[in-house]
Colleague: 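Following this message is one structure expressed as structure tokens.
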Amino acid sequence: MRVIKSIKSIRTFLKTIKIKNKRIGLVPTMGALHKGHLSLIQKSRRENDIIILSIFVNPKQFGPKEDFTQYPRQEKKDELLAKKEKVDIIFYPSVEELYPKDYLTYVFVDELGEKLCGQSRPNHFQGVTTIVAKLLNIITPDTLYLGQKDAQQVIIINKMIQNLNIPVKVKTCPIIREPDGLAMSSRNRYLSSRQRKEAPILFQSLKSAKKRIQKGEHRSAALLQMIQSNIERNSSGRIDYLECVDNQSLNPLKKITSSGMIALAVKFGSTRLIDNIEFKIK
Ligand code: AMP
């Protein structure tokens with residue numbers, strides 16, 4: 001496994017790979033790797049010849065009051081985990097490498113980025129699409145691996161790839177959870193022990209809403225009300241958003257007629273957790 005920090009070096013390396021017609025899989029992350037990230041790497045390992053893991057805590061996707069400086073960074077531990085998973089290259093650029101002083105260009109997907117997480121994180125998705133577009137241009141992988149944990153991110157990146165005609169396939173991997181149902185996240189470590197005990201209520205509530213959908217409750221308002229009171233009664237979490245939406249347009253669904261998802265963000269103290277569940281009825 002090689003750790004490459006500059007754009008020039010990774011391009012030089014990739015030239016030798018491309019001549020041999022090898023399939024390249026890219027797993028973009030912000031590091032502090034957990035089993036959710038590893039599941040993406042494992043899928044990519046099964047489907048490609050060369051696996052590139054990028055680790056970059058992207059300042060452009062954090063708001064001024066968010067946790068960019070506190071975001072966990074664990075370079076050596078991540079290297080060991082990546083090596084175990086047979087990653088071929090870790091691309092580990094610095095902020096200056098990707099955003100030099102005279103940097104001016106952003107990629108912005110209209111409308112979708114303003115919904116759900118975009119309401120309380122106004123420039124977040126512009127930061128995400130900008131960095132992903134840059135990584136796709138630098139690495140030109142055959143396949144990009146993303147997690148359903150960040151469902152809105154998947155929808156927005158797919159739209160960007162489609163609209164900008166970027167020649168890459170996207171594979172979305174299921175949410176990996178702790179045994180008690182909490183979606184794995186680099187931010188879970190910030191939860192106090194009380195908050196950690198309470199946090200599984202998010203997935204429990206989403207799951208029972210999905211059961212109700214399957215039993216015939218198709219009014220979103222009733223489902224969302226059930227989830228809200230469940231969370232409020234059983235935890236100290238404060239709901240940032242809770243919505244039942246179409247899983248292409250992200251527009252709210254008043255009544256469920258086919259497929260969609262319920263997505264939420266809940267703050268436990270200053271730690272903001274997100275989760276979602278997809279549903280489909282006949
Ligand atoms: P992050 O490091 O949080 O930017 O995440 C990097 C990638 O890992 C994104 O595509 C995430 O959706 C994915 N990911 C993060 N947590 C999970 C999880 N619990 N299960 C599946 N994928 C995840």
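Numbering of ligands and ligand atoms starts at 1, following listing order. Just so you know, these numbers use all the heavy atoms, side chains as well, and skip hydrogens, waters and symmetry mates.
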Colleague: Could you go through the side chain to side chain contact (heavy atoms under 4.5 Å, CB included) check for Ile24 and Asp88 one step at a time?
Modeller: CA-CA 10 Å; Ile24 299 172; Asp88 296 285; over 6 Å; no
Colleague: Is Ile176 close to ligand 1, meaning an N/O of one under 3.5 Å from an N/O of the other?
Modeller: yes
Colleague: For Met184 and ligand 1, does the shortest N/O to N/O distance drop below 3.5 Å?
Modeller: yes
Colleague: For Tyr103, check ring-ring contact (aromatic ring centres under 6.0 Å, His included) against everything at least two apart and list the hits.
Modeller: Tyr99, Tyr106
Colleague: Identify the protein heavy atom lying closest to atom 6 (C) of ligand 1, giving its residue, its atom name and the separation to 0.1 Å.
Modeller: Pro28 O, 3.3 Å
Colleague: Would Ala183 count as a polar contact of ligand 1, with the cut-off being nitrogen or oxygen pairs under 3.5 Å?
Modeller: no
Colleague: Can Lys215 and Glu217 be counted as an ion pair, charged N to O under 4.0 angstrom?
Modeller: no
Colleague: Quick one: look up the protein heavy atom nearest atom 12 (O) of ligand 1 and list residue, atom name and how far away it is.
Modeller: Asp150 OD2, 2.6 Å
Colleague: Test your reading of the structure: does Gly147 have an N or O sitting under 3.5 Å from an N or O of ligand 1?
Modeller: yes
Colleague: I'd like the name of whichever of Gln61, His37, Arg177, His34 reaches closest to atom 16 (N) of ligand 1 through any heavy atom.
Modeller: His34
Colleague: Decide, yes or no, whether a salt bridge links Asp275 with Arg177 under the criterion of side-chain N to carboxylate O below 4.0 Å.
Modeller: yes
Colleague: Using a strict 4.0 Å cut-off to heavy atoms of Ile175, name the atoms of ligand 1 that fall inside it.
Modeller: 20 (N), 21 (C)
Colleague: Going by distance only, is there an N or O of Lys149 that falls short of 3.5 Å from an N or O of ligand 1?
Modeller: no
Colleague: Check the pair Gln153, Gln61 against side-chain hydrogen bond (donor to acceptor under 3.5 Å, both in side chains), reporting the backbone distance first and the verdict last.
Modeller: CA-CA 12 Å; Gln153 176 168 288; Gln61 70 187 68; 5.0 Å; no
Colleague: Between the side chains of Arg272 and Asp67, is the shortest nitrogen-to-carboxylate-oxygen separation below 4.0 Å, so that they form an ion pair?
Modeller: no
Colleague: How close does the nearest protein non-hydrogen atom get to atom 21 (C) of ligand 1, and which residue and atom is it?
Modeller: Pro174 O, 3.3 Å
Colleague: Looking only at N/O atoms, are Thr29 and ligand 1 under 3.5 Å apart anywhere?
Modeller: no
Colleague: Could you tell me the residue and atom name of the protein heavy atom closest to atom 4 (O) of ligand 1, and the distance to it rounded to 0.1 Å?
Modeller: Met30 CG, 3.6 Å
Colleague: What are the two closest non-hydrogen atoms of Met30 and Asn58, and how far apart are they?
Modeller: SD-N, 3.9 Å
Colleague: Do Tyr92 and Glu79 pair up side chain to side chain, a donor and an acceptor below 3.5 Å, judged on atom types alone?
Modeller: no
Colleague: Only pairs at least two apart or in different chains count here, so list each ring pair (Phe, Tyr, Trp, His ring centres under 6.0 Å) that has a residue in residues 179-221.
Modeller: none
Colleague: Check if Lys35 has a non-hydrogen atom at a distance under 4.0 Å from any atom of ligand 1.
Modeller: no
Colleague: Can you list the atoms of ligand 1 that are under 4.0 Å from a heavy atom of Leu40?
Modeller: 7 (C), 8 (O), 10 (O), 13 (C), 22 (N)
